[in-house]
Student: 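Mind looking over this structure? Questions follow.
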Amino acid sequence: MLALEDLADKVDSAAHNAFAIPQLSSVTDLSLDQAYAIQKESVQRRINRGEKLLGIKMGFTSRAKAIQMGVDDLIFGKLTSSMLVEDGGSISLKDFVHPRVEPELAFLLNKPLDGKSGMLEAYNAVEAVAPAIEIIDSRYQDFKFSLVDVVADNSSSSSFVLGPWQPKPKDPSNLGMILSFDGTPVEVGSTAAVMGNPIRSLVTAARMLSEIGERLEAGQVILTGGATAAVALTEGISVSAELESLGRVNFSVNA
Ligand code: OOG
Ligand code: MG
């Protein structure tokens, strides 16, 4: 059994330097608790480099994502300041291993949420919503992993782009979303695909964090999970996500 700190170094270094590594589960047995401990250690390395914690991303909250990756347990990861790409900004593929994008609904909180919060409390804690694109990037070879591997790798968190914050809709549970490359739709879905209602993803994030003694805080951003399968990025494209009644968010990939 390798020390969890060594495994955290491994995933952190792979993410920081953009290279692929074998799955941790191919060299050692890990429990889910140990995987989250590795995630915590690796995020701590980012904080030690001066990054700020901005929020949480939820994973596998839609069937489309669970089927695509072959994992159907809900997971979370941490979002930090170095991951934020400005709306309309650009990225370079050399900073990633094999990045993919997925359209998401983001929430901004105006109060903390604990693990006992229900749907109404969670909705009331939402200050604003925004269309978002998550750029996921597994550090594992061929983008293949087991549940414990992906959790240890901060749930593939890599970058995210937020559109303009908007007042929350009365009902965010069935908003159409379109992911486009160079203006051509590549995935079409609905926020309904995210646990029937993205607010449920927020409730789940609060519950899962409370199980490890943490809490969602006011000012944090929650990415509620990809509503469609993720699509691989290629050089030189422009990527946009449009959410019904909430507008759009976009970025481009350098040629
Ligand atoms: C894991 C991250 C899943 C989502 O929105 O479902 C995720 C992965 O697919 O690599 O971010
Ligand atoms: Mg995601």
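Treat the numbers as computed from the prediction; the structure is a model and nothing was measured. Along the sequence shown, the residues carry numbers beginning at 1. Remember, it's 1-based here, ligands and their atoms both numbered in the order they're listed.
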Student: Does Met69, backbone or side chain, put an N or O under 3.5 Å from an N or O of ligand 1?
Tutor: no
Student: Establish, for the pair Lys168 and Phe107, whether the NZ or CZ atom is under 6.0 angstrom from the six-membered ring centre and no further than 45 degrees off its axis.
Tutor: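 Output no; distance or angle outside limits.
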Student: Please identify which atoms of ligand 1 are closer than 4.0 Å to at least one heavy atom of Gly225.
Tutor: 5 (O)
Student: Verify side-chain contact (heavy atoms from CB on, under 4.5 Å) between Ser180 and Glu242, making sure each step is shown before the conclusion.
Tutor: CA-CA 8 Å; Ser180 301; Glu242 188 166 349; over 6 Å; no
Student: Using modelled atom types only, decide if a donor and an acceptor are shared between the side chain of Glu104 and the backbone of Gly226 within a distance under 3.5 Å.
Tutor: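 Answer holds: yes.
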Student: Starting at CZ of Arg45, measure out to CD of Glu5 and round the result to the nearest 0.5 Å.
Tutor: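 Result: 7.0 Å between the selected atoms.
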Student: For Arg100, is the nearest heavy atom under 4.0 Å from an atom of ligand 1?
Tutor: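 No, Arg100 has no heavy atom closer than 4.0 Å to ligand 1.
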Student: Which ligand 1 atoms, with their elements, are less than 4.0 angstrom from a heavy-atom of Met58?
Tutor: 4 (C), 5 (O)
Student: Tell me the protein heavy atom at minimum distance from atom 9 (O) of ligand 1, and give that distance in Å.
Tutor: Lys65 NZ, 2.8 Å
Student: Report the atom name of the nearest N/O/S atom of Glu104 relative to the Mg ion (ligand 2).
Tutor: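 Output for this pair reads OE2.
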Student: Identify, by name, the N, O or S atom of Glu102 lying closest to the Mg ion (ligand 2).
Tutor: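 The Glu102 atom nearest to the Mg ion (ligand 2), restricting to N, O or S, is OE2.
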Student: Is there a heavy atom of Glu104 sitting under 4.0 angstrom from any atom of ligand 1?
Tutor: yes
Student: Does Met195 form a side-chain contact (heavy atoms from CB on, under 4.5 Å) with Leu74? I'd like the steps, not just the answer.
Tutor: CA-CA 10 Å; Met195 301 182 79; Leu74 298 169; 3.6 Å; yes
Student: Kindly say whether Ser173 contributes a backbone atom to a donor-acceptor pair with the side chain of Asp171 at under 3.5 angstrom?
Tutor: yes
Student: Which protein heavy atom lies closest to atom 10 (O) of ligand 1, and at what distance to 0.1 Å?
Tutor: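 Nearest neighbour among protein heavy atoms for atom 10 (O) of ligand 1, to 0.1 Å: Ser156 OG, 2.7 Å.
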Student: Measure up the Tyr36 and Phe76 rings against each other and bin them: parallel (under 30°), tilted (30 to 60°), perpendicular (over 60°).
Tutor: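 Plane angle under 30°, so parallel.
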Student: Let me confirm one number: the CD1-CD1 distance from Ile91 to Ile135, rounded to the nearest 0.5 Å.
Tutor: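 Answer for the CD1-CD1 pair, Ile91 versus Ile135, is 4.0 Å.
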Student: Contact between ligand 1 and Ser155 is defined here as a heavy atom of the residue under 4.0 Å from a ligand atom; is it met?
Tutor: yes
Student: Which of these, Arg139, Arg49, Lys40, sits in a salt bridge (Lys or Arg N to Asp or Glu O under 4.0 Å) with Asp12?
Tutor: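 Among the candidates, only Arg49 passes.
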Student: Please identify which atoms of ligand 1 are closer than 4.0 Å to at least one heavy atom of Lys57.
Tutor: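 Within the 4.0 Å cut-off of Lys57, ligand 1 contributes 2 (C), 7 (C), 11 (O).
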Student: Looking only at heavy atoms, is any part of Val150 under 4.0 Å from ligand 1, and if so is it the side chain, the backbone, or both, or is it neither?
Tutor: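 Contact part for Val150 vs ligand 1: side chain (C-beta onward).
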Student: Measuring from atom CG of Asp9 to atom CG of Leu4, what distance do you get when rounded to the nearest 0.5 angstrom?
Tutor: 11.5 Å
Student: Provide the number and element of each atom of ligand 1 under 4.0 Å from a heavy atom of Gly59.
Tutor: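 Within the 4.0 Å cut-off of Gly59, ligand 1 contributes 3 (C), 4 (C), 6 (O), 7 (C).
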Student: Name of the Glu134 N, O or S atom nearest the Mg ion (ligand 2)?
Tutor: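 For Glu134, the N, O or S atom at the smallest distance from the Mg ion (ligand 2) is OE1.
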Student: Is there any N or O on Phe60 that sits under 3.5 Å from an N or O of ligand 1?
Tutor: yes
Student: Any N/O of Ser138 closer than 3.5 Å to an N/O of ligand 1?
Tutor: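 Such a contact does not occur with ligand 1.
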Student: In terms of side-chain heavy atoms, does Asn254 have a donor or acceptor partner in Ser92 at a distance below 3.5 Å?
Tutor: yes
Student: Is there side-chain contact between Glu41 and Ile38, with heavy atoms separated by less than 4.5 Å?
Tutor: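 No; the side chains remain at least 4.5 Å from each other.
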Student: For ligand 1, which part of Glu102 has a heavy atom less than 4.0 Å away: the side chain, the backbone, both, or neither?
Tutor: side chain
Student: Below 4.0 angstrom from a heavy atom of Phe145, which ligand 1 atoms are there? Numbered from 1 as shown, please.
Tutor: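 Listed by number with element, the hits are 8 (C), 10 (O).
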Student: For ligand 1, which atoms sit closer than 4.0 Å to a heavy atom of Ile136?
Tutor: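 Ligand 1 atoms under the 4.0 Å threshold to Ile136: 8 (C), 9 (O), 10 (O), 11 (O).
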